[in-house]
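To start, the structure itself, in structure tokens.
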4 protein chains.
Amino acid sequence: MDSTPHRKSDHIRIVLEEDVLGKGVSTGFERLMLEHCALPEVDLDGVDLGLNLWGKSLAYPWLISSMTGGTPEAKQINLFLAEVAQTLGIAMGLGSQRAAIENPDLAATYQVRSVAPDILLFANLGLVQLNYGYGLAEAQRAVAMIEADALILHLNPLQEAVQPDGDRRWSGLWPKLETLVQGLEVPVIVKEVGNGISGPVAKRLQECGVKAIDVAGAGGTSWSEVEAHRQTDRQAKEVAHNFADWGLPTALSLQQVVQNTEQIPIFASGGIRSGIDGAKAIALGATLVGSAAPVLAEATVNAQRVYDHYQARLRELKIAAFCCDAANLTQLAQVPLWDRQSGQRLTKP
Amino acid sequence: MDSTPHRKSDHIRIVLEEDVLGKGVSTGFERLMLEHCALPEVDLDGVDLGLNLWGKSLAYPWLISSMTGGTPEAKQINLFLAEVAQTLGIAMGLGSQRAAIENPDLAATYQVRSVAPDILLFANLGLVQLNYGYGLAEAQRAVAMIEADALILHLNPLQEAVQPDGDRRWSGLWPKLETLVQGLEVPVIVKEVGNGISGPVAKRLQECGVKAIDVAGAGGTSWSEVEAHRQTDRQAKEVAHNFADWGLPTALSLQQVVQNTEQIPIFASGGIRSGIDGAKAIALGATLVGSAAPVLAEATVNAQRVYDHYQARLRELKIAAFCCDAANLTQLAQVPLWDRQSGQRLTKP
Amino acid sequence: MDSTPHRKSDHIRIVLEEDVLGKGVSTGFERLMLEHCALPEVDLDGVDLGLNLWGKSLAYPWLISSMTGGTPEAKQINLFLAEVAQTLGIAMGLGSQRAAIENPDLAATYQVRSVAPDILLFANLGLVQLNYGYGLAEAQRAVAMIEADALILHLNPLQEAVQPDGDRRWSGLWPKLETLVQGLEVPVIVKEVGNGISGPVAKRLQECGVKAIDVAGAGGTSWSEVEAHRQTDRQAKEVAHNFADWGLPTALSLQQVVQNTEQIPIFASGGIRSGIDGAKAIALGATLVGSAAPVLAEATVNAQRVYDHYQARLRELKIAAFCCDAANLTQLAQVPLWDRQSGQRLTKP
Amino acid sequence: MDSTPHRKSDHIRIVLEEDVLGKGVSTGFERLMLEHCALPEVDLDGVDLGLNLWGKSLAYPWLISSMTGGTPEAKQINLFLAEVAQTLGIAMGLGSQRAAIENPDLAATYQVRSVAPDILLFANLGLVQLNYGYGLAEAQRAVAMIEADALILHLNPLQEAVQPDGDRRWSGLWPKLETLVQGLEVPVIVKEVGNGISGPVAKRLQECGVKAIDVAGAGGTSWSEVEAHRQTDRQAKEVAHNFADWGLPTALSLQQVVQNTEQIPIFASGGIRSGIDGAKAIALGATLVGSAAPVLAEATVNAQRVYDHYQARLRELKIAAFCCDAANLTQLAQVPLWDRQSGQRLTKP
Ligand SMILES: Cc1cc2nc3c(=O)[nH]c(=O)nc-3n(C[C@H](O)[C@H](O)[C@H](O)COP(=O)(O)O)c2cc1C
Ligand SMILES: Cc1cc2nc3c(=O)[nH]c(=O)nc-3n(C[C@H](O)[C@H](O)[C@H](O)COP(=O)(O)O)c2cc1C
Ligand SMILES: Cc1cc2nc3c(=O)[nH]c(=O)nc-3n(C[C@H](O)[C@H](O)[C@H](O)COP(=O)(O)O)c2cc1C
Ligand SMILES: Cc1cc2nc3c(=O)[nH]c(=O)nc-3n(C[C@H](O)[C@H](O)[C@H](O)COP(=O)(O)O)c2cc1C
């Protein structure tokens, strides 16, 4: 994730042009069914999926997941995304701000508060940078740079490992994370980038004081696939491709994280492709639902396209809630889920 | 379902021309096997699948499910269907009569008693209309209009929700339903239109005094798919298509409804494509088996084609019963079912 | 099965030219694995799969299943098959002898003792004929006609039912079967023809005194498919085709029959395509393994081709036994089986 | 395996040119997921997968599985493989040395110590040869010939059985194995060649004093498929092909062998195609992971290609360990595994 502007452009181009979905793995949402309620007690327009989080109010539990920054193109994308987030009342994360920490001239490519004064907005840095000289100061700068409400620290060990020149030093990060969490004025969120968070990691993140976890599981964008396309060396490409099915599927990761944490919000992302996937994630215990890759092509065009994209997802989410007789998020969280394969009702924690 | 004659024509045309089956979902009947009996104790001609329901006698437990009305074409279709229902001794439901309630000139397009004096015949209205000014009077008019033996109220929250101009007000319908059921002279049946009835909804419908439930589950005609084809707006189409796998599969819904109700007849429809599917539905506890879309193309031609279609289904049903050594519906209901996937015998309630 | 010579020729032609396998159903053997033994204690040539049955000794537990008779072509086929059965030391069943009972001139087309003096040979009649005037006398004539060691009575309710002019009277056969079994000098075997025998039917067959049961389950030749090809009427074709997945898969039927009978030999047929399938059947409890359709094309050419076919199957069976460290049938019957799907070892009765 | 140089060349050519993978069977590794750890406590470069075995130290738990010898081409292949094994610090097995036992002139085609002085090196003979005149003397000559650290005895009953002229005498090998194991100065390893070792065989091998077992399970190179391509007789080809799904899948065999032995090292081979497969095998209890066929094409070119191939696999293995937070083999062995199909965590012994 953390990268020079040049690398970041590569990522955008590859996600737009290549097939970077995981292979041989899926989110697991396709296996789940929400229990349809043929006679809801709520009006469609009475469904209110709004929530308050960290002092901000959201119209919908949706998050435009962290993607970009650092280049003129990225700036434009970020502005379109932010404008729509403001209009629709959803949250947004910026891409990794390392480029702008290294080169403050690039800060403007991340700044979106002018068009999105009210949204819940997340700064973003790679947690591994704490092993490469970063600390509280950089975290504070990242937050301040974009007037963020919280800071996301992303975990991408696989992506780093499949790059010959990736960041390889991951030991000793836990205590540094704990210190950072205690020092920073805003909540710290930890997320993966497409391989999921396991139960034990989630448990420990909560113990460290992390305020939310985004599972970012397998089944959507695969960063080993992205790197496979970016590498030029034949062996490096092959190694990366062989990880195409790596990681915990989003639905499984979400279930594990929910079962291993208490009361902190869990975000679900990774392969969320419709509002129906989103509704399933909420029924599994998610507080916010995030998606990234599917909107990227739209965000290279204009704000209207971005708006249409997310508005459709939110409409699906609302209809799904309505068809489950869920007037709000609390009720949606309680809707029974069925497993298509076994034909059994899921036992929820 | 409820719609102007124009919208109704659209539906017919789309069902005839487009692929409107649910995607990524199936009825679940394909997973079930009836236990073959190699040495039946009954003659094939001795199999009698007749039953009495609400004072009418049926030669077979089959229902031509509610489809149409309101246009000249629909009138012709209804007459062909009714003529065959009379000949074969099966039940029939008319399409939603809202058009004729609004415009009494259209009543004739639903009237089939002249050609089907003896059949069990069901009137049809959308339950949601009770929130749009309808009440006992309209229900009585619908029944009287076609000399119906019972009134079907259909539930189609998803279909309404995916239409930008669909009926969105669903709250408060339960008590209105209860009042209507108490006031109406004929039995009230409640059905879905392709997304199934869940256990809890079934339980509450029975508590309301509803006299029968038609599960109309997922795996056959998908009304979100139909609407996807009807919409012109790109986003609306996409939203509708994303619901293509929504709903409780017919076999699952049927099992849930049977387990959550007592003694009222349960009808099974939604993706029933052969008499063998029908036999499985009865072995799962259904009293009547309904199908709609597959006969539509035949019904635009002539009565003979309709007759051939249903006669083939009934022959399959009879042969299936015979090959399970079931001389009648009571025996067919007791035939063991096996799950192909697990290789285990199903435990029946 | 029972039919005029003309109908019988149709059957042969259709099985040779059309795809008459069941659809949407398989034997279930493909799901099972025999536990490979990497270090057998037996020499390959030391594997002896011979057995004695009803006074005849067989070199292998294989049965050329009942197929034909009644026409000049059938006579030739029968002679080729019998010659090979004699050479290889396996059992053979003739096709339904009804044609020759009606017209004694046709007896010669079934007579094979001249070329197969020592084999275990089975006569064949449809059990349903007991409802159409047949009795002990006809059974005795069928046995005598071909100097049979035992009489097979086949059950084909589905095949009869999908024929507009099929035999429809099946009631009252059980006591007639019991009487016949008691009166006949040779053992009576009851078999299906491709839809399997269920546990309850097997139990009752044994109680009637039947001496062996051939499950003839689903997953191989489907007689509703054969009839679908033979019918000319569009509806009749469609009805028959809709039964393409009907019946108990051979492996499931075999397990059920074994569990519901005691000590009588069970034969396994229906979709047995290799000696490995055969070995699995024996590990599930079968005494003999039968196959029919796959040899038919060879049997229209010459005895050598038939020989090559069965010799290959027997070689597979022997190698399979060897690779399971089974020196004989008793040991092969005890080899553990694994379910590919669940990854679990099968619990055997 | 044991064969004249001519037969050995055939094998190489067929493996290079034909599809010799098992059909209808897979290793089962594709069904398993390693539990991803999003925040490892180890540096990528801190992952040390080295081990000591029988006095030799390995940098990675990988084995270039036994393949060839006996021809000039084989000599070249062996030298390339050995050179890379030396460079990478992995183990290597030579192909069956029977050819060189029969004809000592061929010994040089197996000798690789000059280029691989430090590697863990395995001699190879077919265990069945103990029934064909071989004994302690031949075993000692095989070991001495290549200065091996241990002797592999391979079991290939199926491969022998599908060859019309294969070795058929397998009885009485157990006591001979026990004697050999006691007499030989170096450890004896027993392996299959692609059909797996069952629990009971593993248990008994350990009781015989065998020092390690290589499961060589199904899902990779199938030797019945190889022989099917080598045979010219139509029936022999067909018989061999029908065994294409024979054998215990590698993952299943590995689990069974681990559960049925104590403390001896278990090697996993058969269809291992990536370092990720290898990591899964270690998490299931394997000590070494072996692969053969995939490197063969590279080994006909030059050492660099062989190096690139194995280096990529080892990199994958290391990254997999890193992404599971496993700093060493002990930790990798404890990583939880999940079953994709059931969505459940595997219970490990
Ligand atoms: C183009 C692109 C760039 C991304 N950059 C970042 C990033 O800088 N920081 C981060 O935490 N996640 C990043 N992600 C990961 C997403 O935030 C998210 O975790 C994941 O991709 C969601 O899966 P989806 O793309 O399948 O919806 C990026 C994703 C995409 C598609
Ligand atoms: C063309 C068409 C029109 C329909 N119109 C109505 C209707 O007006 N009222 C209603 O209750 N159901 C209606 N249905 C739904 C059916 O009655 C039934 O619930 C369902 O479609 C059965 O599934 P199948 O088409 O897969 O057999 C209609 C179905 C079709 C195919
Ligand atoms: C061409 C043909 C004719 C058959 N005729 C008879 C018959 O007359 N009597 C009978 O009991 N079974 C008959 N069978 C059924 C077989 O004996 C057997 O039960 C079944 O077909 C075995 O399955 P397979 O063909 O998949 O091996 C016939 C099968 C075939 C293929
Ligand atoms: C070309 C070739 C030759 C082989 N020769 C031998 C042999 O001589 N001795 C032996 O024990 N295994 C032999 N094997 C089997 C391998 O050692 C190993 O058990 C198995 O093939 C591993 O599966 P894989 O090829 O799918 O990786 C050979 C494999 C191949 C591909």
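Predicted model, so just to flag it, every value in this text is computed and none were measured. Heavy atoms only: backbone and side chains are in, while hydrogens, waters and symmetry mates are out. Per chain, numbering begins at 1; letters A, B, ... match sequence-line order.
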Determine whether Arg169(A) and Asp43(D) satisfy the following criterion, salt bridge (Lys or Arg N to Asp or Glu O under 4.0 Å), listing intermediate values before the conclusion.
CA-CA 4 Å; Arg169(A) 289 192 281 111; Asp43(D) 295 334; over 6 Å; no
Would you say the side-chain atoms of Lys191(A) pair up with the backbone N or O of His154(A), donor to acceptor, closer than 3.5 Å?
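The answer is no, because no donor-acceptor pair under 3.5 Å joins these two groups.
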Are any side-chain N or O atoms of Lys348(A) and backbone N or O atoms of Ala283(A), one a donor and one an acceptor, separated by less than 3.5 Å?
yes
Considering only heavy atoms, which portion of Arg345(D) lies under 4.5 Å from any heavy atom of chain A: side chain, backbone, both, or neither?
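Side chain only.
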With a 4.5 angstrom heavy-atom cut-off, is it the side chain or the backbone of Ala320(D) that approaches chain A, or both, or neither?
both
Using the side-chain contact (heavy atoms from CB on, under 4.5 Å) rule, take Leu130(A) and Leu125(A) through it: C-alpha gap first, then chi angles, then the decisive distance, then the call.
CA-CA 9 Å; Leu130(A) 299 185; Leu125(A) 283 177; over 6 Å; no
Kindly indicate whether a cation-pi arrangement holds for Arg204(A) with Trp174(A), taking the cut-offs as under 6.0 Å to the six-membered ring centre and within 45° of the axis.
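Satisfied, under 6.0 Å and within 45°.
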Do you know which of Asn195(A), Val162(A), Val190(A) has the most heavy-atom pairs under 4.5 Å to chain D?
Asn195(A)
Quick one: which of Ile319(D), Val42(D), Leu39(D) has the most heavy-atom pairs under 4.5 Å with chain A, could you say?
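Most heavy-atom pairs under 4.5 Å with chain A: Leu39(D).
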Pick whichever of Glu35(D), Glu30(D), Lys318(D) has the most heavy-atom pairs under 4.5 Å with chain A.
Glu35(D)
Steps toward side-chain contact (heavy atoms from CB on, under 4.5 Å) verdict (Ile276(D), Trp246(A))
CA-CA 9 Å; Ile276(D) 303 162; Trp246(A) 186 268; 3.7 Å; yes
Region of [X] that comes under 4.5 Å of a non-hydrogen atom in chain D:
X: Val201(A); value: side chain
X: Val25(A); value: both
X: Glu192(A); value: side chain
X: Asp339(A); value: neither
X: Leu158(A); value: both
X: Gln341(A); value: side chain

side-chain contact (heavy atoms from CB on, under 4.5 Å) assessment of Leu180(A) paired with Tyr134(A)
CA-CA 10 Å; Leu180(A) 183 69; Tyr134(A) 280 44; over 6 Å; no
Near-ring test His241(A)/His229(A), centroid separation under 6.0 angstrom:
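Here the rings of His241(A) and His229(A) have centres that are less than 6.0 Å from each other.
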